[in-house]
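Below: one structure, written as structure tokens.
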Amino acid sequence: MRIFIGVAWPYANGPIHLGHIVGAYLPADIFARYQRMKGNEVLMVSGSDEHGTPITITAEKEGKSPREIADRYHRINSEIMEKMGISFDLFFRTSHPHHAEVVKRFFLRLMERGYLYRDKMILPYCPNCKRFLPDRYVVGTCPYCGYEKARGDQCDNCGRTLDPKDLIDPKCAICGATPEFRESEHVFFALSKLEKRILEWLTDKVYWRDNVINFTRNFVKGGLKDRAITRDIEWGVEVPLPGFEKKRIYVWFDAVIGYLSASVEWSRITGKSWRAFWIDRNTKHYYFLGKDNIPFHTIIWPAMLMGYGELNLPYNVVANEYLRFSGEKFSKSRGIGVWMPELLSMFDPDVIRFYGTVNMPEHRDSDFTWDDFVQKVNEELVDKFGNFVHRALIFTYRHFGEVPKRHSLDALDEEALEKIKVTKEKMEEYLDKVELKKAFREWMELARFGNVYFDRKAPWALLKSDRERCETALNISLHIVKALAILGAPFLPFSAEKIWKYLGYDDSIFQHTWDESLTALPEGMKLREPKVLYTKIVREEESFDRWNLLDLRIAEIKEVKEHPNADQLYILTIDLGEESRTLVAGLKNYYPANELLGKKIVVVCNLEHANFRGVESQGMLLAGEDENTVAILTPQGDVKPGTRVQASGIYSEPPPVLKFKKFKKLKMEVVDIQDSKVIGSSEYRIEYPIPEEWKGKQGVVFLDKKPLLLHVGKVLISPEKRVKRGGKIR
RNA sequence: AGCGGGGUGGGGUAGCCAGGAAAUCCCGCCGGGCUCAUAACCCGGAGAUCGGUGGUUCAAAUCCACCCCCCGCUACCA
């Protein structure tokens with residue numbers, strides 16, 4: 001079967017953002033890659049939509065030509081598509097002369113067949129700008145509600161559709177002059193003639209997404225009106241009629257024809273047949289777009305194709321809702337959103353594709369937030385999928401170096417193979433219906449299963465006890481990895497390709513078919529050393545300003561008891577000034593009890609409490625350590641218990657509870673103090689006046705955005721015994 | 001105002017169009033396991049009268065009616 005995929009053409013008036021990618025290009029690409037792996041012939045095209053007034057206006061503002069603007073954004077957007085791995089067969093552009101040829105031919109044929117006609121209309125003309133104004137470039141007072149900033153096409157205040165002529169006191173939106181109304185001749189597309197056929201054609205489109213079919217039916221209900229398809233501007237495709245030299249074909253009309261022109265161009269470049277895709281009925285046409293583009297693809301473009309005759313109509317029009325940014329619409333002027341160049345400079349394309357898929361607005365608007373992005377990527381992509389692939393690959397690589405043999409299978413092994421099969425089938429079912437999120441959910445479930453399988457099999461134990469079963473377990477684990485690679489390839493093409501190489505294949509995964517996910521790996525195939533697929537995203541907020549997480553205070557040890565059920569732990573009772581607390585400390589191997597008694601220590605007071613063999617530790621004391629020593633931290637002078645510790649003079653503003661996980665991420669180390677320069681694992685410069693008496697001593701540095709030195713007023717915090725510089729604090 | 005989307009355990013969600021026995025997944029929480037792996041992974045548990053009211057039905061988160069909240073968009077067009 002042949003599949004034609006048309007993706008809405010991005011307007012070349014700015015760089016595309018994540019919403020465009022997630023709304024159209026990514027889903028189209030996933031679908032295209034899937035279809036190719038299924039063995040279908042796919043032609044996927046799109047391109048830059050480069051005509052129209054907005055571009056001429058941008059050009060005027062910047063003192064450039066429209067072509068320069070179009071060139072710039074065509075280049076930028078092409079590059080983004082490329083980097084994101086959107087596998088277009090051709091990403092064309094409407095300013096290309098070959099496009100113009102196709103458009104003109106299309107135009108003339110419609111005219112011959114009686115679907116285009118000429119008529120006169122009265123249009124606003126700005127004598128100052130010396131041009132006709134598009135409706136929305138005329139502003140004035142709404143005749144219905146009196147709103148003063150109504151546009152020529154619609155009033156923002158009362159929502160009524162307007163005609164520029166209706167406006168009271170109309171002005172040119174660009175220069176503010178008062179427009180005149182002049183008569184101008186234009187060409188109209190006889191949509192009304194095709195209304196019946198459109199309605200008929202729509203009747204069997206029950207498999208379209210709800211939003212698409214509902215919107216379309218609603219739109220047609222009001223009746224289809226003929227539309228002018230020419231404009232009085234100079235930037236665009238010329239009208240192939242005498243007397244129209246100063247007019248151009250209207251953007252929407254020329255842009256949709258791009259699907260055809262790009263196919264023809266692709267044919268010219270590759271020598272393959274565009275007719276096979278456009279005229280042969282054994283081809284299904286899919287279109288991917290955002291919801292705002294629905295009527296163009298479900299009514300106008302099909303009507304144009306009907307008028308032209310013989311060309312294939314859309315089989316499915318897949319429109320997504322919007323991706324919002326923290327609850328708001330992406331907006332360049334308001335600085336709301338994430339732009340692709342920025343995003344691509346920070347993350348691998350597959351990371352973006354992953355989140356784009358998981359959060360795809362297939363049926364309703366969805367929301368991009370950085371918190372959600374970081375969480376989903378870290379927990380689902382990196383931890384679940386990435387980690388499974390890595391643990392399976394690296395374990396096998398280290399102990400076998402090749403794909404181990406598959407011996408006899410037990411129930412769990414059979415279950416795993418069945419799981420792969422079921423996953424593949426369910427994914428097919430969903431992908432065929434273009435339910436991408438659901439398909440991906442099945443895939444994630446297989447990754448989760450991989451972890452379960454690996455855990456249940458525990459190959460690290462089998463390695464010693466039963467080598468044959470270990471080999472089988474790994475063989476199956478790698479098969480799951482292979483299946484994940486193939487079934488995940490449409491979604492995460494770059495990762496899939498990497499995994500493919502690690503598994504030992506030399507060619508591209510895209511030379512293989514979807515169905516191969518079910519076939520076992522060749523036994524004995526040499527593996528390549530696997531590298532970690534993704535690294536976790538570290539939030540910027542967490543990389544500095546961490547000092548504010550810690551509530552460090554000085555305490556005095558009042559009592560030292562041995563833990564009844566543990567041989568390395570002491571139970572300490574400490575005085576924190578206002579209160580006393582119990583700490584459990586693993587110091588028995590380093591300090592005799594009597595030596596600790598009465599010592600002043602540094603305690604993390606807001607650390608979440610933890611249970612150590614039945615005793616609750618209500619905090620943690622800090623100590624410096626190297627290979628041989630553990631030395632508790634202590635103030636080098638008399639300090640009252642309960643006193644807050646400062647870092648380079650700063651008191652922290654800590655949260656009430658600090659998670660242990662977060663605490664582990666904080667970095668502190670022992671340093672030798674020279675002057676403002678201190679030396680730990682590397683040299684640090686402390687921005688804090690260092691008193692004479694601290695020099696030559698050991699101190700503790702908290703590594704924040706800038707290194708901070710711990711102290712209490714004039715009293716330095718030091719390890720109680722000498723620790724190697726760079727020693728970690730725990 | 002118009003158009004559109006939504007209210008489901010602590011947070012975020014799936015399910016709703018094609019009504020049916022234990023309401024999905026991720027996080028968090030509690031308890032346990034494992035130590036191959038990127039401090040990851042696995043198992044178990046607590047926790048939801050599915051916004052409200054009324055209706056249809058043998059049966060409703062799912063259909064209908066009314067009501068109450070929230071949000072987005074209304075043109076830089078995914």
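Letters go in sequence order (proteins before strands), and every chain restarts at 1. Side chains included, hydrogens not; waters and symmetry mates left out as well; all remaining heavy atoms used.
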Of all the choices, B:C41, B:C77, B:U38, which nucleotide is nearest to the side chain of A:Val382 once you look at every atom?
-> B:U38
Within 45° of the ring axis of A:Tyr322 and under 6.0 Å from its six-membered ring centre, is that where the NZ or CZ of A:Lys291 lies?
-> yes
Taking B:U38, B:C77, B:C36 as options, the one with an atom nearest any side-chain atom of A:Tyr11 is B:C77
Phosphate OP1/OP2 of B:C43 contacted by A:Arg448 side-chain N/O (<4.0 Å) = yes
Between A:Lys405 and A:Glu471, does at least one N-O distance fall below 4.0 Å, as a salt bridge requires?
-> no
Euclidean distance, atom CG of residue A:Asp372 to atom P of B:C25 [Å, nearest integer] = 18 Å
Whole angstrom value for the distance that separates C1' of B:C77 from CG of A:Leu289 = 11 Å
Identify whether any heavy atom of A:Phe388 sits under 4.0 Å from a base atom; if not, whether one sits that close to sugar-phosphate; answer base, sugar-phosphate or nothing.
-> nothing
Contact class for A:Gly19 vs. all strands (heavy atom < 4.0 Å): base, sugar-phosphate, or nothing?
-> base
Mind checking whether A:Tyr25 and A:Phe88 have parallel, tilted or perpendicular rings, split at 30° and 60°?
-> perpendicular
Given that both distances must come in under 3.5 Å, which nucleotide forms a Watson-Crick or G-U wobble pair with B:U62?
-> none
On the 0 to 90° scale, with breaks at 30° and 60°, tag the A:His297-A:Tyr287 ring pair as parallel, tilted or perpendicular.
-> tilted
Pairing nucleotide - B:G4, Watson-Crick or G-U, each distance under 3.5 Å | B:C71
Using the P atom as the reference point in each nucleotide, state the distance between B:G45 and B:G54 in Å, no decimals.
-> 35 Å
Taking any strand in view, what nucleotide pairs with B:A46 in a Watson-Crick or G-U wobble way, both distances under 3.5 Å?
-> none
Report the nucleotide, chosen from B:C41, B:U38, B:C25, that has the shortest atom-to-atom distance to any side-chain atom of A:Arg391.
-> B:C41
Both distances under 3.5 Å, Watson-Crick or G-U wobble: report the partner of B:C77, or none.
-> none
How are the rings of A:His17 and A:Trp339 set relative to one another: parallel (under 30°), tilted (30 to 60°) or perpendicular (over 60°)?
-> perpendicular
Of all the nucleotides listed (B:C41, B:C77, B:C26), which has the minimum atom distance to the side chain of A:Glu379?
-> B:C26
Separation of A:Glu321 atom CD from B:C73 atom P, in whole Å?
-> 14 Å
Please write out each protein N/O paired with an N/O of nucleotides 17-19 of chain B under 3.5 Å, distance rounded to 0.1 Å.
unit_1	atom_1	unit_2	atom_2	d
B:C17	O2	A:Asp210	OD2	2.8

Fit a plane to each ring of A:Tyr355 and A:Phe373, take the angle between them on a 0 to 90° scale, and name the class: parallel (under 30°), tilted (30 to 60°) or perpendicular (over 60°).
-> perpendicular
Would you say whether A:Trp460 stacks on B:C36? The test is a distance between ring centres of less than 5.5 Å and an angle between planes of less than 30°.
-> yes
A:Phe440 CZ to B:A14 P: how many Å, rounded?
-> 16 Å
Using the C1' atom as the reference point in each nucleotide, state the distance between B:G52 and B:A61 in Å, no decimals.
-> 14 Å
Give the rounded distance in Å between these two atoms: OH of A:Tyr322 and P of B:A75.
-> 11 Å
Taking side-chain contact (heavy atoms from CB on, under 4.5 Å) as the test, write out the residues that go with A:Leu527, two or more places apart.
-> A:Thr396, A:Tyr397, A:Val403, A:Leu478
If we take the P atom in both B:C73 and B:C27, what is their distance in whole Å?
-> 31 Å
Take the protein atom CG of A:Asn451 and the nucleotide atom P of B:C34, then report the distance between them rounded to whole Å.
-> 17 Å
Out of B:C43, B:C36, B:C77, whichever nucleotide has its closest atom nearest the side chain of A:Ile394 | B:C36
Across all strands shown, which nucleotide pairs with B:U24 by Watson-Crick or G-U wobble geometry, both distances under 3.5 Å?
-> none
Would the number of heavy atoms belonging to other residues, nucleotides or ligands and lying under 6.0 Å from NZ of A:Lys426 be above 12?
-> no
A:Val452 side chain: which of B:C41, B:C77, B:C43 is closest?
-> B:C43
Using a heavy-atom cut-off of under 4.0 Å over every strand shown, decide if A:Lys384 touches base, sugar-phosphate, or nothing.
-> sugar-phosphate
Using a heavy-atom cut-off of under 4.0 Å over every strand shown, decide if A:Leu18 touches base, sugar-phosphate, or nothing.
-> nothing
Looking only at atom C1', what distance separates B:U62 and B:C16, rounded to whole Å?
-> 4 Å
Between B:G51 and B:A23 - P atom distance, rounded Å = 15 Å
Interatomic distance where CG belongs to A:Leu478 and P belongs to B:C36 [whole Å] = 18 Å
Check the distance between B:G33's P and A:Arg456's CZ and give it to me in whole angstrom.
-> 17 Å
Please say which of A:Tyr286, A:Tyr430, A:Phe491 ends up in a ring pair (Phe, Tyr, Trp, His ring centres under 6.0 Å) with A:Phe31.
-> A:Tyr286
